[in-house]
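Excluded from the calculations below are hydrogen atoms, water molecules and symmetry mates; all remaining heavy atoms, backbone and side chain alike, are included.
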Amino acid sequence: MTSLPPIGIRLLPSLDGTPNSSRTFRYKIFILIFTFLCYTSYHLSRKPISVVKSVLNRNCSLSISDPSVVVNTSSHGNNTKWCDWKPFDQDNAGSLLGSLDLAYLFSYAVGMFISGQVAERVHLRYFLSAGMISSGIMTILFGMGYFWNIHNIAFFIGIQVIGGLVQSSGWPSVVTCVGNWYGKGKRGLIMGIWNSHTSVGNILGSLIAGIFVNTAWGWSFIVPGIIIGTLGILVFFFMVPSPEEVKCELPDQLPATKYTDRATESSDLKKTTCHIPMETVNNNKAIAMETVNNNKTIEYGATNSQSSQTSLISLDKSKEKPISLWRALLIPGVIEFSLCLFFAKLVSYTFLFWLPKYIHEKANYDPEKAADISTLFDVGGIFGGISAGLLSDFTGMRATTCVLMLALSAPVLYIYNLYGSLSLAHSIGLSMVCGFFVNGPYALITTAVSADLGTHEVLKGNSKALSTVTAIIDGTGSIGAAVGPLLAGVIESSGWNNVFYMLIGSDIMALLLLLRLLYKEISSSLRRS
């Protein structure tokens with residue numbers, strides 16, 4: 001039984017009304033913008049910890065507003081940590097700060113696998129709303145540690161663990177909502193633009209946290225917590241996860257191209273668009289597509305000319321059942337892209353949690369200025385994600401696009417570490433270039449690739465699989481995201497050069513894991529030509 005639209009939608013005359021194409025288009029734009037704002041708030045509430053690290057542990061003999069100025073600390077003797085926030089005032093401060101990242105990201109990774117299964121079994125509006133409100137509460141509580149004068153590491157780690165679990169509600173929910181509303185057309189470009197919410201959230205989070213970091217860092221968490229909690233309330237009243245709830249047209253989730261299987265016709269492939277009458281959908285009937293060979297498995301990167309199996313596309317949404325984690329893992333390409341994202345996200349999240357501190361120490365900028373400069377990494381990431389989506393749409397080769405950008409990001413990381421702190425111009429330019437190549441593959445895999453695999457032919461049109469596939473890919477990546485900042489916290493004490501060697505090695509590993517899919521995509525392209 002289809003649930004009623006949320007009360008907020010029923011009160012909006014511009015959206016509620018007689019079903020037609022124009023109304024469906026308005027809903028699509030609304031959902032795209034609304035989910036963009038929702039996930040922007042998720043990243044906005046994650047970012048403050050990376051900015052606040054610079055004041056939790058620093059050299060108190062230097063002026064916080066101008067690190068080049070030495071202040072008088074004679075009353076504290078040789079103690080240069082007297083102004084640090086306990087317990088981060090000891091020699092193991094790097095490990096403690098890394099443990100905060102690990103607690104959050106590991107629980108986030110575990111929660112991601114759970115959230116994918118839960119999101120397929122409960123109403124997404126309730127699930128997303130509850131996750132956002134809970135995330136806001138946890139973020140506010142972390143900031144209240146400043147005003148309550150809490151110095152117990154268990155308090156902060158506990159907040160991070162619970163915060164990671166509730167924050168895992170976001171990604172499977174918003175990707176599923178967008179996947180339900182948008183078909184397979186130019187998904188790479190649409191999701192490349194949409195995925196800029198990650199970078200926009202990081203930028204806003206850095207700027208908001210930077211405002212308060214030198215005065216009362218508790219507000220660096222409280223303000224983002226209020227923002228995501230408020231948006232969570234709006235989700236409850238206005239989010240529409242599926243077109244069916246408001247009687248809108250369903251998007252085409254089938255491949256736009258059908259290929260013949262005979263070798264003699266391989267050079268004369270004809271595109272056939274599958275049009276599904278809405279009358280059939282409304283009557284909950286099924287459309288059967290011809291099965292040429294049921295014994296073949298559809299490989300990622302292969303066209304129907306190489307794997308002539310097609311599927312029974314069921315349009316009866318009431319009969320769809322969630323799939324298991326094991327079945328999702330068997331979808332061609334899921335394992336390779338998941339492991340690739342492990343290393344790609346390791347690199348990206350190390351920058352997310354440690355870049356402001358790196359800039360603060362290497363370039364000798366104050367914490368607020370370091371936070372502002374770190375946002376340029378995310379500006380580059382916005383253009384990187386859009387470019388990756390556009391290129392993959394144009395070529396039709398997702399893995400090849402990722403490999404190309406990963407191959408270029410390794411030398412860029414090396415150059416950034418060498419020259420990024422020479423001057424303000426170097427910091428700005430190289431931060432943007434680095435963000436472009438690091439976040440491009442990460443953005444493509446977590447959006448367009450996940451949506452493609454979540455609506456793969458072997459799933460027989462089961463839209464309920466999208467949350468699980470998305471959760472597996474991003475959950476595996478989140479384990480890497482937990483490992484990266486932890487390693488950075490441990491390695492940082494031996495020098496930032498070693499941190500960058502670790503990042504470059506991870507980048508190369510991500511590239512190697514996609515070589516099989518790269519080969520299949522290139523082979524498929526050569527056969528078609």
Taking all atoms of both residues into account, what is the closest heavy-atom pair of I227 and L44, and its distance? CD1-CD2, 4.2 Å
Measure the SG-CG distance between C38 and L234 for me, rounded to the nearest 0.5 Å. 8.5 Å
Are the side chains of I508 and F343 in touch, meaning some heavy atoms are under 4.5 Å apart? no
Under 3.5 Å, is there a donor-acceptor pair between the side chain of S423 and the main chain of H426? yes
Measure the acute angle between the ring planes of Y442 and Y349, then classify it against the limits of 30° and 60° as parallel, tilted or perpendicular. perpendicular
Begin with the C-alpha distance, continue with both residues' side-chain angles, and end with the deciding distance and a verdict on side chain to side chain contact (heavy atoms under 4.5 Å, CB included) for L503 and F351. CA-CA 10 Å; L503 296 178; F351 274 93; 3.8 Å; yes
Any side-chain heavy atom of L102 within less than 4.5 Å of one from P485? no
To the closest 0.5 Å, what do you measure between CG (N417) and CG (L430)? 10.5 Å
For the CG atom of L413 and the CG atom of L418, what is their distance to the nearest 0.5 Å? 11.0 Å
Does the ring centre of W496 sit less than 6.0 Å away from the ring centre of H360? no
Straight-line distance of I162 CD1 to S107 OG, nearest 0.5 Å: 9.0 Å
Check whether S199 reaches the backbone of S196 with its side chain - one donor and one acceptor, N or O, closer than 3.5 Å. no
Member of H197, K47, H43 meeting the side-chain hydrogen bond (donor to acceptor under 3.5 Å, both in side chains) criterion with N202: H43
Report yes or no: is the cationic atom of R46 (NZ for Lys, CZ for Arg) closer than 6.0 Å to the six-membered ring centre of Y104, at no more than 45° off its axis? no
Minimum heavy-atom separation for P172 to S168, with atom names? CD-O, 3.3 Å
Start with the C-alpha gap between L96 and F156, add the side-chain angles, then the distance that decides, and say whether side chain to side chain contact (heavy atoms under 4.5 Å, CB included) holds. CA-CA 10 Å; L96 290 179; F156 296 107; over 6 Å; no
Would you call the rings of F30 and F34 parallel, tilted or perpendicular if under 30° counts as parallel and over 60° as perpendicular? tilted
Y358-F500 aromatic ring centre distance below 6.0 Å: yes
Over 12 foreign heavy atoms within 6.0 Å of CZ, F155: yes
Can you find a pair of side-chain heavy atoms, one from R23 and one from C248, that are under 4.5 Å apart? yes
Steps toward side chain to side chain contact (heavy atoms under 4.5 Å, CB included) verdict (L346, M502): CA-CA 10 Å; L346 183 154; M502 180 267 290; 3.6 Å; yes
Contacts satisfying side-chain hydrogen bond (donor to acceptor under 3.5 Å, both in side chains) that involve residues 217-229 (not counting sequence neighbours) are none
Decide side chain to side chain contact (heavy atoms under 4.5 Å, CB included) for F353 and L105; before the verdict, give the C-alpha distance in whole Å, the side-chain angles of both, and the deciding distance to 0.1 Å. CA-CA 11 Å; F353 283 92; L105 292 168; 3.9 Å; yes
Separation of Y27 OH from S242 OG (nearest 0.5 Å): 11.5 Å
Is it true that, when you exclude Y419 itself, more than 12 heavy atoms of the residues, nucleotides or ligands shown sit nearer than 6.0 Å to its OH? no
Test item: I382 and D378 side chains (from C-beta on) under 4.5 Å apart, heavy atoms: no
Is T476 reaching over with its side chain to a backbone N or O of S338, donor-acceptor style, under 3.5 angstrom? no
Whether over 12 other heavy atoms sit under 6.0 Å from F106 CZ: no
Please report whether the ring centroid of F436 lies less than 6.0 Å from that of F383. no
Any side-chain heavy-atom pair of P48 and P224 under 4.5 Å: yes
Is it true that the side chains of S50 and W354 contain a donor and an acceptor less than 3.5 Å apart? no
From L391 atom CG to L404 atom CG, the distance as rounded to the nearest 0.5 Å: 7.0 Å
Hey, mind stepping through S169 and S115 against side-chain hydrogen bond (donor to acceptor under 3.5 Å, both in side chains) and telling me if it holds? CA-CA 6 Å; S169 62; S115 294; 5.9 Å; no
For the aromatic rings, using the six-membered ring if either is Trp, is the centroid distance between W85 and Y146 under 6.0 Å? yes
Centres of the H123 and F127 rings: under 6.0 Å? no
Under a 4.5 Å cut-off applied to non-hydrogen side-chain atoms, are I479 and K345 in contact? no
Got a donor-acceptor contact below 3.5 angstrom from the S129 side chain to the G232 backbone? yes
Side-chain donor-acceptor distances from residues 132-139 under 3.5 Å, at least two apart:
unit_1 : atom_1 : unit_2 : atom_2 : d
S134   : OG     : A130   : O      : 2.8
S135   : OG     : G131   : O      : 2.8
T139   : OG1    : S135   : O      : 2.8

Determine whether I228 and Q167 make a side-chain contact, defined as any pair of heavy atoms from C-beta on separated by less than 4.5 Å. yes
Under 3.5 Å, side chain of Q160 to main-chain N/O of A103, donor-acceptor pair present? no
Any side-chain donor near an acceptor of the partner, S348 and N439, under 3.5 Å: yes
Is there a side-chain contact between F36 and N195, using heavy atoms and a 4.5 Å cut-off? no
